[in-house]
Enquirer: 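Sharing a structure here in structure tokens format.
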Amino acid sequence: MAINIMDLKSSVILFNPKSAKWKHRIPMSILQVGASVYGKYGVAFVDGNKEVDPWETISTLLKSGDFKYFGVTVMPGPQLRQAIPISKKVKEAFPNVKVIWGGYFATNQHPVALQSKYVDVVVSGPGDQSFPLLLDALEKGESIDKIKNLIFLKDDKIFKTPKEELLDQDSLPQLPYEYFNTFYPIKGYLQKTFLGDKTMAYHSSLGCPFTCSFCAVVPIYNARWKGKSAENIYKDVKWLKDNYGVDSIEFHDNNFFTSRKRVVEFSKLVLNDNIKWWGEGRIDTIDKYSDEDLKLMKDAGCEMIFFGAETGSDEVLKQMDKGGTQTAAQIRSFAVRLGRIGIIPEYSFVLGMPGESEDEVMAQIDSDIEFIKEIKKLNPQTEIIIYLYSPVPTEGSELYEQITKAGFEFPTHLEDWLNPVWENFDLRKNPLTPWLTPKMIDKIQNFETVLNGYHPTASDFRIQGIKKSLLVNLSSWRYKTGFYKFPYEIKAMHKIWKYRQPEIEGFYGE
């Protein structure tokens, strides 16, 4: 039975700003934080993806006088378009309401968030324990200095509390799916994708044990990882299937496959449930799995795995501080290996890393383009995702020193992030980096267009049959000759058919 918000002394609004035009995933971040205070504080969920005017909903709740806290999950990119102006409106119209931000953007860009004066506190990392402790302290008028995972202004200076150890994920309260369902029907988040007819997003772990210097997760988790047990993942998945008809899962963990034992146990549990699934992992981690492990995963519904291949250069992999043992040779052999098993490898590449000269940067771009084409020859089923390098390096790393010396700077005022060029930057489609020339960017983007024409993504199941044949035939000569300039005919077909790039909007869904 849902708890009546008005029966509790103080209440909090948890807001998920709009993140996409369509295929809206259930907002796991505010569900997770909501679980930490549900039953103790009143909780109202507001999903910007589902609201025509989220400010109208939020302001109506605040006018009731029952809400003292406004929590916002903030990822870089599209979410900023609602997170920034609505947080500002909340503080202007209801100055006594505490505005609390969490998420990757809030942590990595906390100085500009806090200096805006309309964000009071940033929760840096998991809020399962720090968020309820924060509300308890604010309710009692006590200091928040001793609560871990917080960043705030103290005497007009940035004050960071210590990082909390990652909690045992099995000890955390269950997500309040049924309560959330009273705000937004969960069935509205289930869509037909290439995985199944009712695909659900799910998080089974936090963090990642690696320290890639280009990754936004690193400053939050500092090479730490904690996951739910296979048994509890399966219980949740089975419950979602039994109650909402879920037949496929997207595991949006930063690294679902960290623990081989957990993955194998989960695969055995879900083996006969006819549930398809997708997750993110590392090549050098999963390459240690046996063929029997991989075959079990395939039989248990694993259709595709996302990997950060990054580059075909061992030297650049070191520059990225990729960690582990990944090499270009392993990237090649692993694509072949997964091809034999029948699991689709989804390889992402980051093109346009900084170099000593323009010639060096261009040479590396050319090399990676040829490497990508080689991977497609070795395993044509390999999905290829291309990103332009966008700096999110860890302070103190060698890569951080490289980009700052090259003259790269983030915006110094929060509202500057609303400029569309920064949204494209966060989607890794407009790098704004001083070492990448227009010629380089054009080459990368034109090759991506030709690649997506000659090898359309399997995750957009609309591009099949005659559509796929037309695209492939039209792109063939460009792909084979290496003439990528001005691919307007391919862009036109992509636009007409609304071709969906999974790196921007996820899998196509209906």
Side-chain angles (χ1 to χ4, degrees), residues 2-21 24-38 40-103 105-106 109 112-123 127 131-132 134-135 138-139 152-153 176 179-185 188-189 413-418 423:
I3 294 172
N4 188 333
I5 289 175
M6 305 315 167
D7 290 341
L8 300 169
K9 185 172 70 171
S10 296
S11 298
V12 56
I13 297 170
L14 295 177
F15 176 45
N16 178 59
K18 186 173 183 177
S19 57
K21 295 178 182 178
H24 306 129
R25 302 186 186 114
I26 190 166
M28 298 295 293
S29 53
I30 60 173
L31 261 174
Q32 188 80 36
V33 174
S36 72
V37 293
Y38 177 63
K40 184 174 183 180
Y41 291 90
V43 178
F45 294 108
V46 179
D47 186 358
N49 289 311
K50 296 290 188 177
E51 296 283 343
V52 175
D53 183 357
W55 170 243
E56 181 179 353
T57 302
I58 291 164
S59 61
T60 299
L61 290 169
L62 291 173
K63 285 174 185 176
S64 72
D66 296 303
F67 295 87
K68 297 168 64 175
Y69 310 103
F70 182 63
V72 191
T73 179
V74 192
M75 292 285 285
Q79 282 200 320
L80 294 172
R81 284 183 292 183
Q82 288 187 352
I84 291 174
I86 289 179
S87 294
K88 186 177 182 180
K89 285 182 179 180
V90 168
K91 186 55 71 175
E92 288 174 347
F94 306 93
N96 293 325
V97 171
K98 294 293 184 184
V99 178
I100 305 162
W101 274 21
F105 180 87
Q109 301 296 332
V112 293
L114 294 170
Q115 288 160 9
S116 71
K117 301 298 184 181
Y118 47 86
V119 177
D120 295 296
V121 184
V122 167
V123 177
F131 190 70
L134 172 62
L135 297 194
L138 293 174
E139 282 289 289
F152 53 93
L153 290 180
Y179 178 62
F180 181 85
N181 193 61
T182 65
F183 290 86
Y184 305 99
Y189 293 96
H413 295 92
L414 187 55
E415 289 175 65
D416 290 344
W417 282 95
L418 293 174
E423 180 179 331

Enquirer: In Å, rounded to the nearest 0.5 Å, how long is the span from CG of L14 to CZ of F183?
Expert: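 That separation rounds to 9.5 Å.
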Enquirer: Taking all non-hydrogen atoms of both residues into account, name the closest pair between I13 and I58 and its distance.
Expert: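 Residues I13 and I58, closest heavy atoms: CD1-O, 4.1 Å.
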Enquirer: Do V72 and S87 make a side-chain contact, defined as non-hydrogen atoms from C-beta onward lying under 4.5 Å apart?
Expert: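 Yes. Closest side-chain heavy atoms under 4.5 Å.
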Enquirer: Please check if any side-chain donor atom of N16 sits under 3.5 Å from a side-chain acceptor atom of Y184, or the reverse.
Expert: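 No - no donor-acceptor pair under 3.5 Å links their side chains.
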Enquirer: When you compare the side chain of P54 with that of I86, does any pair of heavy atoms fall below 4.5 Å?
Expert: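 Yes - at least one pair of side-chain heavy atoms lies under 4.5 Å apart.
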Enquirer: Do you know which two heavy atoms are closest between T57 and V46, and how far apart they sit?
Expert: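 Taking every non-hydrogen atom into account, CG2-CG2, 4.2 Å.
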Enquirer: Can you name the side-chain contact (heavy atoms from CB on, under 4.5 Å) partners of P176, sequence neighbours left out?
Expert: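 Testing P176 for side-chain contact (heavy atoms from CB on, under 4.5 Å), a comparison that skips the adjacent residues, returns L31, A35, Y38, F45, Y179.
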Enquirer: Do any side-chain atoms of residues 112-123 form donor-acceptor pairs under 3.5 angstrom with protein atoms, and if so which ones, sequence neighbours left out?
Expert:
residue : atom : partner : partner atom : Å
S116    : OG   : A113    : O            : 2.5
S116    : OG   : Y118    : N            : 3.3
D120    : OD1  : K91     : NZ           : 3.4
D120    : OD2  : K91     : NZ           : 2.7
D120    : OD2  : V99     : N            : 2.8

Enquirer: Find out whether F131 and Y41 are in side-chain contact, i.e. whether some heavy atom of one side chain is under 4.5 Å from a heavy atom of the other.
Expert: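 Contact flag for F131/Y41 side chains = no.
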Enquirer: Check G188 against K50 and note the closest heavy-atom contact, atom names and distance.
Expert: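 Answer, listing the atom of G188 first, then K50: O-NZ, 3.1 Å.
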Enquirer: Working note: Q79 + F105, criterion side chain to side chain contact (heavy atoms under 4.5 Å, CB included); need CA distance, chi angles, decisive distance, verdict.
Expert: CA-CA 10 Å; Q79 282 200 320; F105 180 87; over 6 Å; no
Enquirer: Distance check, rounded to the nearest 0.5 Å: S36 atom OG versus L135 atom CG?
Expert: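 One finds 7.5 Å between OG of S36 and CG of L135.
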Enquirer: Looking only at heavy atoms, what is the nearest atom pair of E415 and I84, with distance?
Expert: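 Heavy-atom minimum between the residues: CG-CG2, 3.8 Å.
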Enquirer: Can you check whether D47 reaches Y189 side chain to side chain, under 4.5 Å on heavy atoms?
Expert: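 Yes; the side chains approach each other to less than 4.5 Å.
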Enquirer: Calculate, to the nearest 0.5 Å, the distance between atoms CD and OH belonging to E139 and Y69 respectively.
Expert: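 OH of Y69 is found 3.5 Å from CD of E139.
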Enquirer: Under the side chain to side chain donor-acceptor pair (under 3.5 Å) rule, collect the residues that match up with K98, sequence neighbours excluded.
Expert: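 K98 satisfies side chain to side chain donor-acceptor pair (under 3.5 Å) with no other residue.
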Enquirer: In Å, rounded to the nearest 0.5 Å, how long is the span from CG of N49 to CD1 of I26?
Expert: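 Result: 11.5 Å between the selected atoms.
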Enquirer: Identify the two heavy atoms, one from G34 and one from V43, that lie closest to each other, and give their separation to 0.1 Å.
Expert: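 For G34 and V43, the tightest heavy-atom pair comes out as O-CG2, 4.4 Å.
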Enquirer: Is the count of non-hydrogen atoms from other residues, nucleotides or ligands lying under 6.0 Å from E92 atom CD greater than 12?
Expert: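 It does: E92 CD has more than 12 such atoms within range.
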Enquirer: Give me the atom names and distance for the closest heavy-atom approach of W101 to A83.
Expert: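 Where W101 meets A83 most closely, the heavy atoms are CZ2-O, 3.6 Å.
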Enquirer: Below 4.5 Å, heavy atoms only, C-beta onward: do P27 and F180 meet side chain to side chain?
Expert: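 Heavy-atom side-chain distance check passes, below 4.5 Å.
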Enquirer: Supply the atom-to-atom distance K18 NZ to E51 CD, rounded to the nearest 0.5 angstrom.
Expert: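 Taking NZ in K18 and CD in E51, the distance rounds to 11.5 Å.
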Enquirer: After noting the C-alpha distance and the side-chain angles of F67 and F94, does the key distance pass the side chain to side chain contact (heavy atoms under 4.5 Å, CB included) rule?
Expert: CA-CA 10 Å; F67 295 87; F94 306 93; over 6 Å; no
